[in-house]
Amino acid sequence: MSRPLRVAVLQGGRTLERAVSLRSGAQVRDGLGRLGHTAIAIDTGEELVGKLIAAEADVAFIALHGRDGEDGTIQEVLEALQIPYTGSPPAACVRATDKVLAKHLMRAAGIPTPPFFALHDTVVKELGGAGALPSVERMLGFPMVVKPSRGGSALGVKFARQASELPGAMVGAFSYDVRILLEGHVAGRDLAVSVIEGEGPEALPVVEAVPREEDFYDYESRYGIGMTTFVCPAELPDGTTARAQQLALEVYGLLGCHGFARVDLMLDQEAELWVLETNVVPGLTETSLLPQAADAAGIGFDELLERILASALRRG
Ligand SMILES: Nc1ncnc2c1ncn2[C@@H]1O[C@H](COP(=O)(O)OP(=O)(O)O)[C@@H](O)[C@H]1O
Ligand SMILES: [Mg+2]
């Protein structure tokens, strides 16, 4: 075990994912206690900077999901205060959290990601963007996936089965961000590969999210009411597992991630893999995918925390 540390656990926040973050934070604090570290919980509401300075922590553990904690905002504050912190630096956070940017980078790097068009709300409001939809529909086909560029937890993600469902789906996605994505639908299996650092970045066993019901188009309600079970390691041919892990490592490197991250992919019916997105602060609750994947690799929750802390201090 490393020397005892004072760890500021940043949790809560003002985002829609506040509840999950509080659960991640509680798990992390319990684990840190077992490891002999001192955990100082900081709810990142008002006066975050003052609280951070007062905590006199050796390192900050970011257990915030969604906007501030994942998009680089908090990371920039920690850089400014010269406090080492867990996870990815601001640049990687910005790239990963903005799906439009991440997908452009992946496409340019030859990493398979579903075909897409990004749409700014000003294009719809001021430039007559609706006129381009028939052309986009021909290229992407139906069902089409509509999602906010910066979202999370499937919030605002809708499947439009036909043209008449597009406007409603778009309005929904625009309620989360000024930029949305229209994306080709991949029919297949939902996979996630987490990456953590040991000697270097290592891909963990693949997790598959299996829906409990067949015909679903609304991911919001599906995730909301827990209509999914997780299988880890996913039952896949060895070659597919290896390819998914290799893609996850490539994306991790491409975006400039550090410490840990989770890459979400789809496996289509022709056994092709498509990268959807990367989460730079994946959930750390007892049922979250990263802890499950680590467990399947023989890495318990406390060892996972030690590794994440060690990587934070290596950079800082
Ligand atoms: N192009 C797509 N084809 C099929 N399913 C998709 C597609 N995009 C998203 N999904 C489904 O919606 C879920 C959430 O989408 P994702 O892009 O990961 O956004 P979020 O940041 O909200 O998790 C995915 O895990 C997947 O099940
Ligand atoms: Mg996702």
Side-chain angles (χ1 to χ4, degrees), residues 1-94 96-97 152 195-199 201 256-262 279-286 288 290-291 294 299-316:
M1 195 184 84
S2 60
R3 70 188 163 94
L5 297 166
R6 277 178 71 78
V7 187
V9 179
L10 309 192
Q11 57 179 53
R14 300 162 300 174
T15 67
L16 299 164
E17 285 145 308
R18 175 178 173 81
V20 183
S21 167
L22 289 174
R23 277 171 41 217
S24 290
Q27 275 286 105
V28 168
R29 282 183 286 123
D30 286 352
L32 291 172
R34 286 191 299 271
L35 290 163
H37 301 303
T38 303
I40 306 134
I42 297 185
D43 196 323
T44 66
E46 287 167 27
E47 291 308 317
L48 170 65
V49 173
K51 288 184 208 165
L52 271 172
I53 293 170
E56 293 186 343
D58 300 303
V59 57
F61 199 113
I62 302 175
L64 294 160
H65 313 303
R67 288 270 156 108
D68 297 350
E70 228 169 325
D71 68 4
T73 304
I74 296 284
Q75 288 79 1
E76 292 282 10
V77 171
L78 291 161
E79 292 278 343
L81 295 174
Q82 293 189 291
I83 299 172
Y85 56 91
T86 55
S88 293
C93 294
V94 169
T97 308
V195 175
I196 61 169
E197 286 185 43
E199 296 293 304
C257 295
H258 182 84
F260 66 127
R262 193 190 81 228
N279 300 279
V280 287
V281 189
L284 289 166
T285 71
E286 57 284 12
S288 299
L290 170 58
I299 300 165
F301 189 76
D302 295 354
E303 187 186 342
L304 175 63
L305 291 184
E306 276 293 14
R307 287 221 204 177
I308 292 171
L309 279 179
S311 65
L313 295 168
R314 251 199 319 277
R315 177 188 47 206

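With a 4.5 Å cut-off on side-chain heavy atoms, Val7 and Val28 do not count as touching. Side-chain contact check for Leu313 versus Leu5: some heavy-atom pair is nearer than 4.5 Å. Within the 4.5 Å cutoff, the side chain of Phe260 has heavy atoms near those of the Pro282 side chain. In this structure, His65 and Glu70 have side chains that are in contact, with non-hydrogen atoms separated by less than 4.5 Å. Side-chain contact between Leu309 and Leu35: absent, with no pair of heavy atoms (C-beta onward) separated by less than 4.5 Å. Under the 4.5 Å side-chain criterion, counting only non-hydrogen atoms from C-beta, Pro89 is not in contact with Gln75. The shortest distance between side-chain heavy atoms of Pro4 and Thr38 does not fall below 4.5 Å. A 4.5 Å side-chain heavy-atom check between Ile299 and Ile196 finds at least one atom pair inside the cut-off.
Note that CZ of Arg23 is 11.5 Å distant from CG of Leu284, once rounded to the nearest 0.5 Å. The structure places SG of Cys93 at 9.0 Å from CD of Glu76, a figure rounded to the nearest 0.5 Å. If you take CD1 on Ile40 and CZ on Arg29, they are separated by 11.0 Å, rounding to the nearest 0.5 Å. Atom CZ of Arg314 sits about 9.5 Å away from atom CZ of Arg307, to the nearest 0.5 Å. In this structure, CZ on Arg18 lies 7.5 Å from OG1 on Thr44, to the nearest 0.5 angstrom.
Donor-acceptor pairing under 3.5 Å is lacking for the side chains of Ser21 and Ser24.
Taking both residues in full, the closest heavy atoms of Val280 and Ala261 are given as CA-CB, 4.5 Å, listed atom of the first, atom of the second, then distance. Of all non-hydrogen atoms in Leu304 and Pro291, the two that sit nearest each other are CD2-CA, 4.1 Å. Across every non-hydrogen atom of Thr285 and Val20, the tightest pair is CG2-O, 3.9 Å. Ala8 approaches Leu52 most closely through the heavy-atom pair CB-CD2, 4.5 Å. In terms of heavy atoms, Leu290 sits closest to Gly283 at CB-O, 4.2 Å. Residues Gln27 and Phe301 share a closest heavy-atom pair of O-CE2, 3.4 Å.
Between the side chain of Thr86 and the main chain of Ile62, a donor-acceptor pair closer than 3.5 Å is present. Asp43 contributes a side-chain N or O that, together with a main-chain N or O of Gly13, makes up a donor-acceptor pair within less than 3.5 Å. Of the possible polar contacts, one joining the Arg6 side chain to the Ala55 backbone as a donor-acceptor pair under 3.5 Å is found.
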Applying side chain to side chain contact (heavy atoms under 4.5 Å, CB included) to Glu79 and Tyr85, what does each step give before you reach the verdict? CA-CA 9 Å; Glu79 292 278 343; Tyr85 56 91; 2.6 Å; yes

Does the pair Phe61 and His37 meet the rule for a side chain to side chain contact (heavy atoms under 4.5 Å, CB included), with working shown? CA-CA 12 Å; Phe61 199 113; His37 301 303; over 6 Å; no

